Amino acid sequence: MKITLIIMMLLAIITGCTTSSTSKDIVMKKNNLICNNQNLAGGWSKTQMTPESNQALDFAIASMNTKQKLAYVTSVYSQTVNGVNYAIEFEMEDSKIYHAIVYRALSGDMTLTQPAQHGNICS
C-alpha cells in the first residue's frame, strides 16, 4: 500500500514538471519579441538584406563549422540598440533551415548572441 502511494506521488510530481515545462515553451513562443508584429520603439522589425546584415550572416555561418553552402535567406529582423542585433533565418544547401542572432557593435565588431540553431525563428 505504501509503495503504491509513493509511486503515485512520484508520477504526479514527474507529470507536473513535464506539464509546466511544456506550458513554459508555449508561453515563450507567444512572447517571442522577434516575431511580435507590433512595431515598438527599440523593438525588432522585419527588414531586407543589407551589406551589414550579409556580413552578420557570413559571421554566423562561419561559426557553424560546416561545409554546407548557403542556399538562401528566409527572413531578416533587426533591432537597433547600441549597435544592431540581426536575427537571420536561412536555408543551407542540404535544405535545413537555421536561425542565428548576431550583434554588430557601432565599431563593426560582431558577436554571436545565439549560435545557429535548427528551425524557424517564428515557429
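Start at 1 with the first residue, then count along the sequence. Bear in mind that the values here come from a model prediction, so they are computed numbers and not experimental data.
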How far apart are the closest heavy atoms of Val73 and Val76, and which atoms are they?
CG1-CG2, 3.6 Å
For Ala56 against Val102, the heavy-atom pair lying closest together:
O-CG2, 3.5 Å
Donor-acceptor list for residues 88-98 side chains, cut-off 3.5 Å, not counting sequence neighbours:
| residue | atom | partner | partner atom | Å |
| --- | --- | --- | --- | --- |
| Glu89 | OE1 | Ile121 | N | 2.7 |
| Glu89 | OE2 | Asn120 | ND2 | 3.3 |
| Glu91 | OE1 | Tyr72 | OH | 2.8 |
| Glu93 | OE2 | Lys69 | N | 3.3 |
| Asp94 | OD1 | Lys96 | N | 3.1 |

Measure the spacing between CD1 of Ile34 and OG of Ser78 and express it to the nearest 0.5 Å.
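Atom-to-atom, Ile34:CD1 and Ser78:OG are 10.5 Å apart.
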Roughly how far, to the nearest 0.5 Å, is the CG atom of Leu57 from the CG atom of Leu70?
5.5 Å
Pair up each side-chain donor or acceptor in residues 109-117 with any protein partner under 3.5 Å, not counting sequence neighbours, and list the distances.
| residue | atom | partner | partner atom | Å |
| --- | --- | --- | --- | --- |
| Asp109 | OD2 | Ser107 | OG | 3.2 |
| Gln114 | NE2 | His99 | NE2 | 3.0 |

Validation row: Thr47, Tyr86 side chains within 4.5 angstrom (heavy atoms)
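Of all side-chain heavy-atom pairs linking Tyr86 with Thr47, none is under 4.5 Å.
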Not counting sequence neighbours, which residues clear side-chain hydrogen bond (donor to acceptor under 3.5 Å, both in side chains) with Gln68? List them please.
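Testing Gln68 for side-chain hydrogen bond (donor to acceptor under 3.5 Å, both in side chains), a comparison that skips the adjacent residues, returns none.
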Are Ile101 and Met64 connected into the same hydrophobic cluster when the rule is that any two of I, L, V, M, F, W, Y join if their side-chain heavy atoms are below 4.5 Å apart?
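Unlinked, Met64 and Ile101 end up in two clusters.
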